[in-house]
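Report on one structure; see the data block that follows.
If you're wondering where the values come from, they're calculated on a predicted model, not measured in any experiment. Counting from 1, the numbers follow the sequence of the chain as shown.
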Amino acid sequence: MQTRDLQGPSQRAGVRVVALVLLAVATAYQCFWRIGAENVGGDEATYVKAGLAYVHGAFDQNREHPPTAKYLFGLAQLVFGDGATAPRVLVGVLVVLGAGVLFLWLRVEIGFWAGYGAAALWTLTPRGGAGARVDRVALLDPVMVFFALAALFAIWMWMRTDRGWWLPLSAVLMAASVTSKASTLVLLPAFLLAPVLFRRWRALVVGGAVWLAVFVVTVVALYAPMGIRSAVTYMLEFQEGQNRNGHLAQIDGRTYQFAPWWANAWYLVHGVGTPVLVVLGIGVLLALVVRPGRLVVFVAVPLVLLGVFYAVAAKIALPTYYSAWMPFIVLLAAIGFARLAALPPRRLTAAAASLLVVAAVVGSAPLAKTVWETRSTGVARLLPLLRHEGVGGGRIFFGAITPSDYDQYVGSRGVRDVVDAPFVAIVVGTDRRFPLPPEVQSLLETQRSSFDRVRLDRVVVWIPDGEVVRDGAGLTIRR
């Protein structure tokens, strides 16, 4: 059963146009303001460089992940120039398109304001873990998420409209998702669920066969340039190695070699923020208890599949993984608020639903502030500082910083082993996964007066009044 919008001022075309314009402006700000100013993270640099290499026919980089997102990053750079900015803009465009999918989906099934709420929650709420927001940087996850969301929308529309072109479109979109990042393979059962929910058994058998054929052909075609057999074999071996050996993760001040099962939930809380997550949780609960229909079931199943995968099957956790859950959380929350607004007395329940959405958006104000203040930080400011201080070429020692955070800024000058001395500077971060060697710790404690100490955001630069050299088993300063 559909829940239609209430009659009243909110039904006026002018009100809706103004609301859409305001959302469009806010979305453009959140997705694109100072998009090129943020630091280029390690994974991002890897994907951007690999993408540019792929479109030039070289497929030897980053073979542990599928290629499609990197194809897109490479094409963006061919059109708009090398570097991370063009791929970031591409990801921002996909976020906007994802908002369009959410809006259209709920506009058709429930009404204008349900779709509007979903689009607003998707574009304006925080998703921390990388940069100001996960989808303001060129990572694989946002690309994977968009294509999976669009594929599920397409299969639903095939069921709703009987228009045959939605079926192959869904398969192609899902192939683009799993060949951007393989995590969404776990969503394949959801595509069988759609005809089951509509009791379309012939569509389940015949349509399922067609969908699978198009999906497989598209996956093979997308993988073909890099050699599907060798690429998939390498990816599986790499992932098995990570599952076996673990992957360092920092959670609540502790470093884990093997992340606990609840790690991605912890990243979810800290990435979205407790106030916004509480509001979204209320919406999800409302969707599940207030006249839940087949749409709720269809949206909840992908969320459950991904939740189980990241909590049980995946042996590693990273701060961005929870973002795969977010479109389904947002969809369910928007459905829940719409169901609340339809309960009697409608003036009161509609006001309550509106206040919940507003509370989520207001709770996102810190993100808007972060976006406004976006700039290069930390290691990105290192070389200009050293030039200003008159420090020429030479190696720079990095401690308590992941190598991928500084490689793209200092290149071969950056080292993390004391045997590579002499050093013209020592840079110390806060990443406990990479502790300072005892020799460096001792030098900074015993000869502190021989250094100028400059803080660059979350890193500290120690500039000696000479150069740091090895002295037997330790380090000293040679003037």
Taking every non-hydrogen atom, the tightest pair across [X] and [Y]:
X: L280; Y: M326; value: CD1-CE, 4.0 Å
X: G83; Y: Q77; value: N-OE1, 3.1 Å
X: D405; Y: G42; value: OD1-N, 3.8 Å
X: T123; Y: Q30; value: O-CB, 3.8 Å
X: L124; Y: S364; value: O-CB, 3.2 Å
X: A334; Y: L106; value: CB-CD1, 3.6 Å

Can you tell me how far apart [atom1] ([X]) and [atom2] ([Y]) are? Round to the nearest 0.5 Å.
X: Q239; Y: R244; atom1: CD; atom2: CZ; answer: 12.0 Å
X: F146; Y: L173; atom1: CZ; atom2: CG; answer: 7.0 Å
X: L318; Y: N264; atom1: CG; atom2: CG; answer: 8.0 Å
X: R34; Y: E373; atom1: CZ; atom2: CD; answer: 8.5 Å
X: L187; Y: L152; atom1: CG; atom2: CG; answer: 6.0 Å
X: I329; Y: L268; atom1: CD1; atom2: CG; answer: 5.5 Å

Stepwise salt bridge (Lys or Arg N to Asp or Glu O under 4.0 Å) check, D162 with R200: CA-CA 11 Å; D162 280 328; R200 302 274 295 279; 2.5 Å; yes
Pi-cation contact, F238 with R63 (under 6.0 Å, within 45°): no
R416 charged N/C atom sitting above F397 aromatic ring, 6.0 Å / 45°: no
Pair W166-I155, side-chain contact (heavy atoms from CB on, under 4.5 Å): steps then yes or no: CA-CA 6 Å; W166 283 110; I155 201 72; over 6 Å; no
In the structure I gave you, are the side-chain heavy atoms of [X] and [Y] within less than 4.5 Å of one another anywhere?
X: V186; Y: S183; result: no
X: I335; Y: E109; result: no
X: T27; Y: W122; result: no
X: R127; Y: T125; result: yes
X: V134; Y: P142; result: yes
X: Y54; Y: P67; result: yes
X: V301; Y: P189; result: no
X: R381; Y: D457; result: yes

Judged by atom type as modelled, is there a donor-acceptor pair below 3.5 Å linking the side chain of [X] to the main-chain atoms of [Y]?
X: R88; Y: A138; answer: no
X: K181; Y: S177; answer: no
X: E44; Y: L139; answer: no
X: R136; Y: W33; answer: yes

Derivation of the side-chain contact (heavy atoms from CB on, under 4.5 Å) call for L140 and H65: CA-CA 9 Å; L140 307 182; H65 288 297; 3.6 Å; yes
Exceeds 12 heavy-atom contacts within 6.0 angstrom, atom CZ of R458: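 Check fails, neighbour count at 12 or below.
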More than 12 heavy atoms of other groups within 6.0 Å of R254 CZ: no
Mutual orientation of the aromatic rings belonging to Y310 and Y321 [parallel < 30°, tilted 30-60°, perpendicular > 60°]: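 Tilted, since the angle between the ring planes falls between 30° and 60°.
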R395/D417 ion pair, N-O < 4.0 Å: no
Lys/Arg-Asp/Glu bridge criterion (N-O < 4.0 Å) met for E38, R375: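 Judged by the 4.0 Å cut-off on N to carboxylate O distance, E38 and R375 do not form a salt bridge.
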F73 ring center within less than 6.0 Å of Y47 ring center: no
Y116 ring center near W113 ring center (under 6.0 Å): yes
Criterion side-chain contact (heavy atoms from CB on, under 4.5 Å) on M157 and R163, from CA distance to verdict: CA-CA 8 Å; M157 292 304 294; R163 293 174 181 169; over 6 Å; no
From W158, F298, W156, residue fulfilling side-chain contact (heavy atoms from CB on, under 4.5 Å) relative to F198: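 Checked W158, F298, W156 against F198; only one passes side-chain contact (heavy atoms from CB on, under 4.5 Å): W156.
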Sequence neighbours excluded - ring pair (Phe, Tyr, Trp, His ring centres under 6.0 Å) pairs with any residue from residues 239-281: W266-H270
Intermediate values then yes/no, side-chain contact (heavy atoms from CB on, under 4.5 Å), Y409 and N39: CA-CA 10 Å; Y409 294 108; N39 285 27; 3.5 Å; yes
Contacts table for residues 211-225: side-chain donor-acceptor under 3.5 angstrom, sequence neighbours left out:
{"from": "W211", "atom 1": "NE1", "to": "S170", "atom 2": "OG", "distance (Å)": "3.1"}
{"from": "T218", "atom 1": "OG1", "to": "V214", "atom 2": "O", "distance (Å)": "2.7"}

